[in-house]
There are 2 protein chains.
Amino acid sequence: MNDSAQIETTDGEESTSLYQRILNDIRGKIVSGAWAPGYRIPFEHELTVQYDCSRMTVNKALSQLAAAGLIERRRRSGSFVRSPRSQAAVLEITDIRIEVEALGLPYRYALEQRRERRSQPNDAERLSPVCPKKLVELNCLHYAGTRPFCVEHRLISLETVPDASVETFQEIAPGPWLIGRVPWSTAEHRISAEGADSLMAAGLDIDEGAPCLVIERRTWTADLPVTYARFIYAGVSHSLVARFEPS
Amino acid sequence: MNDSAQIETTDGEESTSLYQRILNDIRGKIVSGAWAPGYRIPFEHELTVQYDCSRMTVNKALSQLAAAGLIERRRRSGSFVRSPRSQAAVLEITDIRIEVEALGLPYRYALEQRRERRSQPNDAERLSPVCPKKLVELNCLHYAGTRPFCVEHRLISLETVPDASVETFQEIAPGPWLIGRVPWSTAEHRISAEGADSLMAAGLDIDEGAPCLVIERRTWTADLPVTYARFIYAGVSHSLVARFEPS
DNA sequence: GACTTTCTTATGTATATACATATTGACAGT
DNA sequence: ACTGTCAATATGTATATACATAAGAAAGTC
């Protein structure tokens with residue numbers, strides 16, 4: 001993918017834009033390890049000489065590298081290779097409907113239970129730091145074809161999302177309903193493996209104790225909890241993929 | 001120190017740069033759902049009027065949004081909200097030693113088995129796309145205190161990493177050994193839940209069939225496979241955390 | 001109508017310029 | 001030796017300008 005930098009001109013100077021070329025060159029030095037973390041990248045004015053261009057062009061390349069987290073820029077000191085080898089992979093969290101349809105199976109959603117209730121001490125850790133007084137609790141099932149694909153257990157804060165009290169969630173799953181309706185600023189996902197308890201086993205139509213992939217998602221807007229969701233997939237049916245590539 | 005008065009105005013119009021403000025405004029519209037996917041963002045020249053600034057300033061904001069994947073820019077047509085409904089969360093992949101020590105437990109590494117062998121058809125999917133002819137196969141154990149914490153199964157391509165043939169891996173785990181020694185450009189992680197087979201059960205000192213979290217990692221440098229690693233954690237002992245916050 | 005050509009338009013890139021701002025290093029004063 | 005001041009410097013942001021390029025729209029041609 002990254003090879004073939006020069007496509008048409010054998011000279012290879014005109015194939016991409018100048019700032020892209022500068023960006024690629026520097027990124028290459030970094031990911032190849034030629035410029036180790038902490039290395040001071042040539043100053044902007046040095047690069048302007050090297051590439052015979054204006055500072056703005058160099059600046060554009062370096063700014064993008066900084067935005068991508070590959071380098072750190074310090075006034076008066078210069079730009080430094082950052083990459084402290086922290087392997088951060090990007091995990092795509094897709095909507096369940098999309099997931100199911102990607103498998104070529106028809107998707108179906110079903111609401112099992114809907115309760116509106118006061119919060120219990122138990123909820124505080126799921127809806128932190130400010131546990132709402134009232135919330136909606138849902139149990140849902142997502143089907144892939146005729147087989148249950150995912151069990152969803154969800155809490156929605158009625159203080160942050162008052163509209164949820166007038167929505168039955170019979171026809172629409174809480175995930176898609178919330179998206180777009182509630183701006184959220186932070187999300188945390190906790191992924192673990194658990195053995196199916198009797199409820200999970202019944203919902204997913206698997207044996208009790210069978211391994212399940214559990215994804216817990218908590219979202220906040222500002223500092224207010226929006227929702228807590230717990231998705232349970234039968235172990236054999238599902239896996240998550242996270243990728244890292246230097247953009 | 002005590003005087004101030006320029007930063008903290010609740011109005012907060014001057015605290016950041018103009019292009020940052022534009023960027024934040026638009027990103028807010030997108031993540032809040034006010035501008036749905038497919039929506040055409042105001043043209044650059046419209047935004048220059050709205051914010052009373054030059055086109056370059058608007059362009060900088062929009063270019064960054066495009067680089068971040070939030071919008072798509074089309075010549076002559078304008079810029080459109082992209083957001084293909086997939087929330088990307090960042091998954092921190094930490095070294096196992098760090099993980100264990102974060103739990104306040106002493107870490108210990110042990111090599112169970114080391115084999116140098118020719119590749120088998122079986123390996124091709126783990127070390128793709130160009131399966132090396134020779135490789136090192138390792139089975140390792142990572143202890144937290146006296147209890148086994150993680151079972152590691154690893155393949156290292158001897159074509160990409162010839163040095164691995166002269167390393168016994170008795171004292172150092174393959175993960176830390178590889179880091180820094182081999183620059184890698186891409187990594188893929190697959191996370192799933194599995195029931196322990198007899199080998200996993202014996203290694204982790206758990207019952208057969210008990211739920212385990214399995215993380216498979218494949219890394220490449222350029223297009224050459226570097227290593228395949230499979231980490232198995234007892235279900236109760238471990239979870240992964242992925243976070244999303246709009247940068 | 002199907003096709004080509006030309007025009008228009010929004011974005012893409014590059015430049016020179018200007019001033020702001022943070023930080024370093026040197027120099028001077030106590 | 002410590003401290004404060006100040007100039008030098010690299011980055012940060014913003015502007016006006018210029019031309020390139022792609023793609024849609026409109027006009028012209030067969």
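We name chains A, B, ... by the order of the sequence lines, and we start the count at 1 in each one.
Residues meeting the ring-ring contact (aromatic ring centres under 6.0 Å, His included) test with A:Tyr19, sequence neighbours left out: none. A:Phe43 pairs by the ring-ring contact (aromatic ring centres under 6.0 Å, His included) definition with A:His45, not counting sequence neighbours.
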Output one line per pair: protein atom, nucleotide atom from nucleotides 24-27 of chain D, and distance, for all N/O pairs under 3.5 Å.
unit_1 : atom_1 : unit_2  : atom_2 : d
D:dG24 : N3     : B:Arg76 : NH1    : 3.4

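In summary, contact between chain B and DNA chain C, defined as any nucleotide atom under 4.0 Å from a heavy atom of the protein, begins and ends at C:dT8 to C:dA14 in the 5' to 3' direction.
Using five terminal pairs a side, the axes of the helix from C:dG1-D:dC30 to C:dT30-D:dA1 at its two ends make an angle of 0°, given in steps of 10 degrees.
Between B:Tyr109 and B:His142, the angle of the ring planes lies from 30° to 60°, which puts this pair in the tilted group.
Going from atom CZ of A:Arg73 over to atom C1' of D:dA10 covers 8 Å, rounded to whole Å.
The minimum heavy-atom distance between A:Val130 and A:Pro225, with the atom names listed, is O-CG, 3.3 Å.
Because its NZ or CZ atom is not both nearer than 6.0 Å to the ring centre of A:Phe231 and within 45° of the ring axis, A:Arg217 does not count as a cation-pi partner of that residue. In this structure, B:Arg97 fails the cation-pi test against B:Tyr107, since its NZ or CZ atom is not both closer than 6.0 Å to the six-membered ring centre and inside 45 degrees of the ring normal.
Residues from residues 55-64 of chain A lying near DNA chain C, meaning a heavy-atom separation below 4.0 Å, are A:Arg55, A:Met56, A:Thr57, A:Lys60 in numerical order.
Without hydrogens or angle criteria, B:Ser63 side chain to B:Lys60 main chain gives no donor-acceptor distance under 3.5 Å. Of the possible polar contacts, none joining the B:Trp220 side chain to the B:Glu188 backbone as a donor-acceptor pair under 3.5 Å is found. Without hydrogens or angle criteria, A:Ser79 side chain to A:Glu72 main chain gives no donor-acceptor distance under 3.5 Å.
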| request: Could you walk me through whether A:Asn24 and A:Arg27 pass the side-chain hydrogen bond (donor to acceptor under 3.5 Å, both in side chains) test, one step at a time? | output: CA-CA 5 Å; A:Asn24 286 334; A:Arg27 187 179 52 201; 2.7 Å; yes
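Put simply, CZ on A:Arg108 and OH on A:Tyr143 are 5.0 Å apart, with the number rounded to the nearest 0.5 Å.
When each of B:Thr227, B:Thr219, B:Val226 is paired with B:Thr160, the side-chain contact (heavy atoms from CB on, under 4.5 Å) condition holds for B:Val226 and for no other.
Close to D:dT11, at under 4.0 Å from its OP1 or OP2, lies a side-chain N or O of A:Ser79.
Salt bridge annotation for A:Glu125-A:Arg190: absent, with no cationic side-chain nitrogen under 4.0 angstrom from a carboxylate oxygen.
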